[in-house]
Asks: 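Starting off with a structure, shown below.
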Amino acid sequence: MTVVTRFAPSPTGYLHIGGARTALYNWLFAKHHQRHGAGGKFYLRIEDTDRARSTQAAVDAIYAGLEWLGLDWDGDPISQFERADTHRAAAERLLAEGKAYKCYCSPEELTAMREAARKEGRQRMYDGTWRDRDPSEAPAGVDPVIRMKAPLEGETVIDDLVQGRVTVANAQLDDMVLLRADGTPTYMLAVVVDDHDMGITHVIRGDDHLTNAFRQTQLYLALGWDTPTFAHIPLIHGPDGAKLSKRHGALGVEAYRDDGFLPEALRNYLLRLGWSHGDDEIISTDQAIEWFGLENVGKSAARFDVTKLTSLNGHYIREADNARLTDLVMERLQAAYPGRLAKEAQDRLFKGMTGLKERAKTISELSENAIFYALQRPIPKTEKAQQQLGADGAALLRDLRPVLDATETWRDEALMAAAKGFGEAGGLKLGAVAQPVRAALTGSTVSPSVFEIMDVLGREETLGRLDDALAGL
RNA sequence: GUCCCCAUCGUCUAGCCCGGCCUAGGACACCUCCCUUUCACGGAGGAGACAGGGGUUCGAAUCCCCUUGGGGACGCCA
């Protein structure tokens with residue numbers, strides 16, 4: 001059987017981290033079956049039936065977020081709103097079959113029912129007032145909603161691939177609204193009709209939908225359709241242990257991009273948050289497709305931990321292609337230092353990237369660390385660097401300069417040998433020689449190897465920077 | 001409040017389904033040391049958990065029950 005999954009966000013904001021993980025799992029599950037089963041499809045459906053809260057900007061943000069994460073979907077995205085007529089037809093059919101009815105309750109009556117239910121400790125809110133009432137008693141001038149006639153007795157069972165068998169007494173569930181008074185379909189109806197029509201075989205979504213799944217199961221039954229297989233994955237919690245949601249500080253994936261995270265790192269982190277494959281931590285996307293299955297999804301909620309994401313990101317940066325990293329850094333530096341970059345910036349960054357990338361855990365950090373390569377002379381210096389360039393440092397640099405200049409081949413090994421010889425002659429350790437040089441060349445006390453830096457900068461620029469330092473610039 | 005779900009180091013987790021191989025493994029973070037021109041990287045160690053209580057059993061992190069704690073859902077939102 002071909003596996004068909006979907007990601008169905010509502011466009012009321014960016015793609016947040018929880019949604020991203022849900023999308024990832026759906027995508028991975030489909031890809032896995034594409035490779036090993038009878039095929040797999042992953043669809044995107046925009047749940048935009050709430051016209052007041054849905055925006056095109058949010059839809060675009062969701063597309064952009066998924067694209068950045070590398071989660072491609074099959075076919076064109078489906079707009080739930082555009083399928084309203086189909087949803088309505090399903091409700092009309094249930095009405096005609098006597099499986100749904102018109103309810104004329106006013107909002108005030110419903111509020112009263114809700115309060116009464118809560119006071120009496122009942123979960124079931126709507127009391128079924130219009131369930132068997134004669135439609136001729138309908139009040140004039142009131143547009144009714146259509147409610148489903150849900151079973152009053154027995155129980156509804158879901159065999160969830162993650163949660164196991166979950167059962168609820170039907171007495172707990174009231175008659176859900178299918179069509180609103182204005183004739184528009186509700187989410188509950190739309191989801192069921194869409195999932196059925198799209199041929200969704202596996203509904204993989206957040207745990208917060210588990211109770212909806214009971215109602216939806218009843219709806220599938222009423223419509224005479226087979227239910228899809230459900231897999232309710234645990235939610236991601238914030239550091240405080242509560243559901244991570246948009247109105248609770250969850251950031252959009254683009255915020256992680258802006259903070260300097262790589263999409264492959266986020267994928268790896270999100271994958272591992274709630275799913276495991278033994279002790280494996282670093283898992284490539286290809287390997288994830290190979291291994292992913294719902295049976296290894298954990299049942300308990302997980303807290304989002306940026307520190308671990310950061311560590312993973314450091315790993316992927318070290319693995320990343322130098323040209324790609326150079327582009328990412330250039331983009332940031334150009335924005336941060338308009339007109340101040342040396343014309344050799346790109347070239348130097350690329351040459352120095354190997355030394356740079358193993359010292360950074362995010363692209364932001366990498367860019368920070370790379371500034372000295374990109375900026376035109378003179379290089380700004382930190383306070384600590386300034387201290388390295390005091391009287392002693394300056395004297396050392398003055399003596400070292402001609403030694404370096406005398407080095408025939410301007411390469412890191414030769415330069416290091418020259419510096420070593422210089423140090424030994426003066427009874428200095430290499431570190432004592434390197435620090436002032438580092439301060440002069442980078443304006444900092446922390447950097448990649450100073451000899452590698454000299455190599456990248458070249459003779460002229462290196463000596464120029466030494467001269468700047470000696471001139472007190 | 002009612003219903004549903006969950007419960008292993010600070011965090012993510014392996015182990016649990018099919019009890020013994022678990023003096024509970026890995027990763028992140030933390031501490032120490034090594035490497036070393038700084039910082040990282042890398043390497044070697046360390047500290048750190050089966051929520052509590054009952055059962056079942058020769059034996060329980062693993063099975064059952066209760067308690068406690070946490071979470072989610074209870075809309076003419078999605």
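Below, each value reflects all heavy atoms present in this structure, side chains not excepted, and no hydrogens, waters or symmetry copies. For clarity, every value in this text was computed on a predicted model and none was experimentally measured.
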Asks: Looking at RNA chain B, which of residues 84-94 of chain A put a heavy atom within less than 4.0 Å of it?
Replies: none
Asks: Using purine N1 to pyrimidine N3 plus N6-O4 or O6-N4 for Watson-Crick, or N1-O2 and O6-N3 for G-U wobble, each under 3.5 Å, what pairs with B:G1?
Replies: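 B:C74 - that is the nucleotide pairing with B:G1, both distances being under 3.5 Å.
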Asks: Which sits closer to the 5' end of RNA chain B, A:R118 or A:L309, going by the nucleotide each is nearest to?
Replies: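 Taking each residue's closest nucleotide, the earlier one in sequence belongs to A:L309.
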Asks: Given atom CG of A:N268 and atom P of B:G26, what is their separation to the nearest angstrom?
Replies: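 Rounding to the nearest Å, CG of A:N268 and P of B:G26 are 19 Å apart.
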Asks: Can you say whether the rings of A:F261 and A:Y256 are parallel (under 30°), tilted (30 to 60°) or perpendicular (over 60°)?
Replies: tilted
Asks: Tell me: CZ of A:R180 to C1' of B:G75, nearest whole Å?
Replies: 10 Å
Asks: Does the side chain of A:H202 pick up a donor-acceptor pair with the side chain of A:N26 at under 3.5 Å?
Replies: no
Asks: Hey, is the side chain of A:K299 poking within less than 4.0 Å of OP1 or OP2 on B:C6, counting only N and O atoms?
Replies: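 Yes, within the criterion.
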Asks: So does A:S447 get a side-chain nitrogen or oxygen closer than 4.0 Å to the phosphate oxygens (OP1/OP2) of B:C39?
Replies: no
Asks: Below 3.5 Å is the cut-off: list the nitrogen or oxygen pairs between protein and nucleotides 13-16 of chain B, distance only.
Replies:
residue : atom : partner : partner atom : Å
B:U13   : OP1  : A:G274  : N            : 2.7
B:U13   : O3'  : A:S276  : OG           : 3.3
B:U13   : O2'  : A:R272  : NH2          : 2.9
B:A14   : OP1  : A:S276  : OG           : 2.7

Asks: Is there a donor N/O on one and an acceptor N/O on the other, under 3.5 Å, for the side chain of A:T445 and the base of B:U38?
Replies: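 No, the side chain and the base share no sub-3.5 Å donor-acceptor pair.
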Asks: Going by side chain to side chain contact (heavy atoms under 4.5 Å, CB included), name the residues that satisfy it together with A:D280, two or more places apart in sequence or in a different chain.
Replies: A:H277, A:I283, A:W291
Asks: Rounded off to whole Å, could you give me the NE2-to-C1' distance for the A:H209 and B:C4 pair?
Replies: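 It is 15 Å, rounded to the nearest whole Å.
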Asks: Find the distance A:D48:CG to B:C77:C1' and express it as a whole number of Å.
Replies: 13 Å
Asks: Which residues in residues 104-114 of chain A have at least one heavy atom lying under 4.0 Å from any atom of RNA chain B?
Replies: A:C105, A:L110, A:R114
Asks: Please report, rounded to the nearest Å, how far the P atom of B:G42 is from the NZ atom of A:K361.
Replies: 8 Å
Asks: Who does B:C22 pair with, Watson-Crick or G-U, both distances under 3.5 Å?
Replies: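 Because no pair has both required distances under 3.5 Å, B:C22 counts as unpaired.
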Asks: Heavy-atom count around A:Y63 OH within 6.0 Å, excluding the residue itself: above 12?
Replies: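 Result for OH/A:Y63: enclosed.
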Asks: Is there any protein nitrogen or oxygen under 3.5 Å from a nitrogen or oxygen in nucleotides 31-36 of chain B, and what are the pairs?
Replies:
none

Asks: Between B:C5 atom P and A:D208 atom CG, what is the distance in whole Å?
Replies: 16 Å
Asks: Find the distance A:M188:CE to B:A73:P and express it as a whole number of Å.
Replies: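 In whole Å, B:A73 P and A:M188 CE are 12 Å from each other.
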Asks: Which ones in residues 162-179 of chain A lie close to RNA chain B, meaning a heavy atom under 4.0 Å from one of its atoms?
Replies: A:Q163, A:V166, A:T167, A:V168, A:Q172, A:V177
Asks: Once hydrogens and angles are ignored, does a donor-acceptor distance under 3.5 Å link the base of B:C41 to the side chain of A:R359?
Replies: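 Such a pair does not exist between side chain and base.
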